[in-house]
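Side chains are part of it too, since the values below use all heavy atoms of this structure and drop only hydrogens, waters and symmetry mates.
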Amino acid sequence: MSLRNTAILITLVFASCKGSNEVTSNKSTDTPERKKLACAQTHVEMNTPHLDWFEESSNVLSKSTEILVLPKAYKVYSTDPLKANAFFTAIEKRETLSTVLPLPKPAECQLFKVENNLKEGARIPPGIVMTLGTAQEQKAAISYNKNNKQLIAHINWFGLLYEILPVNIDNTTYYVVYEKQKPKEKIEDKKTNNEHLKLVEYKPVK
């Protein structure tokens, strides 16, 4: 099952979650700031590498110095880059791990089993980890760049296409998660063009 790359100019991230909130430091004021952990109700084994995802306000994207082309409906998340790096490094070493991805409705939070998906003989740039996630027999193609600590994911969920792409703002990576709309099928003109038809008179043979 192939998942095509998006032409959208933003980068989006998708994520997994655990069951508690995390206190972070606000760079501008140095005061603690509590972020809401996404998918807190979905169980993740805390003693193994996994992705923690935190809900962000879409207002953070307004600080971007790049022109962003955004879908009509989306959510913004962030994740711990150190934990993400540990997660994909372990998978690169042929471990199979589970993590949650916060997907749009109707899928919502789903626990994916993720494993290395580097095909034998495949040529990929240095530092890229190719993985495949499965949940309820649905698939998520996830690539991770160890150089910039960013991931890109394409998910096929019972025919619905979801994408997680990253965008870098003020040296922080945010992820936009959204449903990719399928291209509209061309409506064939069913009107019959009779201009090329000729009337043929059949006469009985004597």
Side-chain angles (χ1 to χ4, degrees), residues 1-17 21-22 24 26-28 33-40 42 51-81 83-85 87-88 99-112 114 125 128-133 135 138-186:
M1 182 180 298
S2 61
L3 297 170
R4 299 181 299 176
N5 292 333
T6 180
I8 293 182
L9 302 178
I10 56 174
T11 45
L12 314 168
V13 163
F14 67 158
S16 54
C17 325
N21 289 339
E22 176 174 298
T24 60
N26 186 310
K27 295 180 180 179
S28 59
E33 177 182 297
R34 186 172 295 275
K35 291 186 178 182
K36 183 179 180 182
L37 185 64
C39 303
T42 304
L51 301 174
D52 285 333
W53 294 88
F54 299 93
E55 297 181 25
E56 300 281 353
S57 169
S58 59
N59 293 335
V60 298
L61 300 182
S62 64
K63 301 177 183 178
S64 175
T65 58
E66 304 292 333
I67 297 176
L68 303 180
V69 180
L70 297 167
K72 291 182 179 180
Y74 63 91
K75 285 189 175 182
V76 181
Y77 297 89
S78 64
T79 189
D80 186 331
K83 287 189 175 182
N85 192 67
F87 177 77
F88 287 102
T99 193
V100 174
L101 300 181
L103 303 177
K105 292 181 179 181
E108 299 184 319
C109 299
Q110 294 292 334
L111 185 66
F112 280 81
V114 184
I128 302 298
V129 182
M130 305 297 295
T131 73
L132 177 66
Q138 306 309 296
K139 300 187 182 301
I142 312 168
S143 62
Y144 178 72
N145 189 326
K146 297 175 68 175
N147 300 311
N148 60 18
K149 306 294 189 296
Q150 294 180 348
L151 67 88
I152 294 176
H154 306 277
I155 304 94
N156 191 324
W157 189 260
F158 293 99
L160 298 176
L161 305 179
Y162 299 131
E163 296 198 330
I164 300 173
L165 303 177
V167 56
N168 189 285
I169 300 175
D170 292 337
N171 296 320
T172 300
T173 298
Y174 297 97
Y175 293 91
V176 182
V177 182
Y178 68 101
E179 179 182 346
K180 183 178 179 181
Q181 298 300 314
K182 296 180 180 179
K184 294 182 179 180
E185 297 181 1
K186 293 183 179 180

S.K.: Show the nearest heavy-atom pair for residues N59 and S62, with the distance to one decimal.
M.R.: O-OG, 2.5 Å
S.K.: List the steps and the verdict of side chain to side chain contact (heavy atoms under 4.5 Å, CB included) for N168 and Q150.
M.R.: CA-CA 9 Å; N168 189 285; Q150 294 180 348; 3.8 Å; yes
S.K.: Evaluate the side-chain proximity of W157 to L101: yes if any heavy-atom separation is below 4.5 Å, no if none is.
M.R.: no
S.K.: Side chains of K36 and F54, heavy atoms from C-beta outward: is any pair under 4.5 Å?
M.R.: no
S.K.: Is K149 close to T173 at the side-chain level, that is, under 4.5 Å between some pair of heavy atoms?
M.R.: no
S.K.: Go through it in stages, so that I can follow the logic: the residues are K139 and L132, the test is side chain to side chain contact (heavy atoms under 4.5 Å, CB included), and I'd like the CA-CA distance, side-chain angles, deciding distance and then a yes or no.
M.R.: CA-CA 7 Å; K139 300 187 182 301; L132 177 66; 4.1 Å; yes
S.K.: What's the separation between atom CD1 in I169 and atom OG in S78, rounded to the nearest 0.5 Å?
M.R.: 11.5 Å
S.K.: Starting at CG of N85, measure out to OG1 of T79 and round the result to the nearest 0.5 Å.
M.R.: 11.5 Å
S.K.: Within the 4.5 Å heavy-atom criterion, are F112 and I155 side-chain neighbours or not?
M.R.: yes
S.K.: Donor-acceptor pair, E55 side chain versus A38 backbone, under 3.5 Å?
M.R.: no
S.K.: Would a 4.5 Å heavy-atom cut-off, applied to side chains only, mark Y144 and T131 as touching?
M.R.: no
S.K.: Taking all atoms of both residues into account, what is the closest heavy-atom pair of N156 and Q138, and its distance?
M.R.: O-CB, 3.4 Å
S.K.: What's the separation between atom OH in Y77 and atom CG in D52, rounded to the nearest 0.5 Å?
M.R.: 13.5 Å
S.K.: Would a 4.5 Å heavy-atom cut-off, applied to side chains only, mark L70 and Y178 as touching?
M.R.: no
S.K.: Can you name the closest pair of heavy atoms from L111 and A135 and give their distance?
M.R.: O-CB, 3.3 Å
S.K.: Which pair of non-hydrogen atoms, one from F88 and one from V129, has the smallest distance, and what is that distance?
M.R.: O-CG1, 3.9 Å
S.K.: Does N145 reach the main-chain N or O of N147 with its side chain, forming a donor-acceptor pair under 3.5 Å?
M.R.: yes
S.K.: Heavy atoms only: give me the nearest E179-K105 pair and the separation to one decimal.
M.R.: OE1-O, 4.5 Å
S.K.: Is it the case that atom CD in E66 sees more than 12 heavy atoms from other parts of the structure closer than 6.0 Å?
M.R.: no
S.K.: Could you pull out the closest heavy-atom pair between L103 and V177, with the gap in Å?
M.R.: CA-CG1, 4.4 Å
S.K.: Could you walk me through whether F87 and L151 pass side chain to side chain contact (heavy atoms under 4.5 Å, CB included), step by step?
M.R.: CA-CA 11 Å; F87 177 77; L151 67 88; over 6 Å; no
S.K.: Between OG of S57 and OH of Y174, what distance do you get to the nearest 0.5 Å?
M.R.: 10.0 Å
S.K.: Within a strict 4.5 Å, meaning less than it, do heavy atoms of the P106 and L160 side chains meet?
M.R.: yes
S.K.: Output yes when E56 and K35 qualify as a salt bridge under the 4.0 Å nitrogen-oxygen rule, no when they do not.
M.R.: yes
